[in-house]
A.B. asks: 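For reference, the structure I am asking about is given below.
Side chains are part of it too, since the values below use all heavy atoms of this structure and drop only hydrogens, waters and symmetry mates.
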Amino acid sequence: MAITIHHSAIVDDGATIGDGTAIWHWVHVCAQASIGSGCSLGQNVFIGNKVTIGNNVKIQNNVSVYDNVTLEDDVFCGPSMVFTNVYNPRSAVSRKNEYRNTLVKRGATIGANATIVCGVTIGEYSFIGAGAVVNRDVPPYAIVAGVPAKHIGWISKHGMKLQLPLNGEAEATCSITGEHYKLSGSSCILIG
């Protein structure tokens, strides 16, 4: 599959881009970035140098993925959501040696206008609500929302809310796929 790059986009020499990836209007991809196959980078997206993006990642319009951010396969970044890489920025103080790593695990969704404060891990298949401010790690399959983001439920790989308490011992089934999930303490896992 061919790579599609709109004529208004800038892809610096050295960037790695996988087959079937589409790069749309006014995107800038820096030279050291690594982007997998089958990705879509919407209008006005910026990808920094020290960025790794997996396969089948969808980054909607107006998103900047700054240095030290890793997006695993099948991640969805909603329109105008925000990543940071410095915890306490100051215009007059250079802190490029203080970048904090942010990891977004496989299948996670980040809603429109959400902010991900640097240094966190977003668990696999978790769901970050629109406008949320995430300042701590998010467990796999968790739904978080609000400012600051709070854990409000659980979600299946398919994106369906699971009927589980926030903590305890319980099991639930995805209403679409029939996959089974088990809650143990404050961790949710797929069991089959």
A.B. asks: Verify, without hydrogens or angle tests, whether T102 (side chain) and G119 (backbone) share a donor-acceptor contact under 3.5 angstrom.
C.D. replies: yes
A.B. asks: Rounded to the nearest 0.5 Å, how far does CD1 of I110 lie from CZ of F127?
C.D. replies: 10.5 Å
A.B. asks: Let's go through N85 and N68 carefully: what are the C-alpha distance in whole Å and the side-chain angles of both, what is the deciding distance for side-chain hydrogen bond (donor to acceptor under 3.5 Å, both in side chains) to 0.1 Å, and is it a yes or a no?
C.D. replies: CA-CA 7 Å; N85 61 5; N68 292 50; 5.6 Å; no
A.B. asks: Would you find a donor on one side and an acceptor on the other, under 3.5 Å apart, between the side chain of T16 and the backbone of S34?
C.D. replies: no
A.B. asks: Taking atom CG of L41 and atom OG1 of T21, what is their separation to the nearest 0.5 Å?
C.D. replies: 7.5 Å
A.B. asks: As an exercise, state the distance from CD1 of I155 to OH of Y141, rounded to the nearest 0.5 Å.
C.D. replies: 11.5 Å
A.B. asks: With side chains defined as the heavy atoms from C-beta onward, is the minimum distance between I128 and I122 less than 4.5 Å?
C.D. replies: yes
A.B. asks: Step through the shown structure and confirm whether more than 12 heavy atoms of other residues, nucleotides or ligands are within 6.0 Å of NZ on K58.
C.D. replies: yes
A.B. asks: Would you please name every residue forming a salt bridge (charged side-chain N to carboxylate O under 4.0 Å, His left out) with D73, sequence neighbours left out?
C.D. replies: R106
A.B. asks: Can you confirm whether the side chains of N44 and N61 place a donor and an acceptor under 3.5 Å from each other?
C.D. replies: no
A.B. asks: How about F46: does its CZ atom have over 12 heavy atoms from other parts shown lying under 6.0 Å from it?
C.D. replies: yes
A.B. asks: Output the distance between atom CG (L164) and atom CD1 (I143), rounded to the nearest 0.5 Å.
C.D. replies: 10.0 Å
A.B. asks: Measure the spacing between CD of E124 and CG of L103 and express it to the nearest 0.5 Å.
C.D. replies: 10.0 Å
A.B. asks: Any chance CZ of R136 has more than 12 other-residue heavy atoms, nucleotides or ligands included, within less than 6.0 Å?
C.D. replies: no
A.B. asks: Under 3.5 Å, side chain of N49 to main-chain N/O of Q32, donor-acceptor pair present?
C.D. replies: yes
A.B. asks: Can you name the ring pair (Phe, Tyr, Trp, His ring centres under 6.0 Å) partners of H180, sequence neighbours left out?
C.D. replies: none
A.B. asks: Nearest 0.5 Å, what's the CG-CH2 distance between L183 and W154?
C.D. replies: 6.0 Å
A.B. asks: Set out, in order, the CA-CA distance, both residues' side-chain angles and the distance that settles side-chain hydrogen bond (donor to acceptor under 3.5 Å, both in side chains) for D12 and H28, then state yes or no.
C.D. replies: CA-CA 8 Å; D12 293 342; H28 182 189; 3.1 Å; yes
A.B. asks: Is it true that S37 and D19 share a donor-acceptor pair across their side chains at a distance under 3.5 Å?
C.D. replies: no
A.B. asks: Cluster question for you: counting only ILVMFWY and a side-chain heavy-atom cut-off of under 4.5 Å, with indirect links fine, are I47 and I17 together?
C.D. replies: yes
A.B. asks: Would you please name every residue forming a ring pair (Phe, Tyr, Trp, His ring centres under 6.0 Å) with Y99, sequence neighbours left out?
C.D. replies: none
A.B. asks: Taking H6 for the side chain and S8 for the main chain, is one N or O donor matched with an acceptor at less than 3.5 Å?
C.D. replies: yes
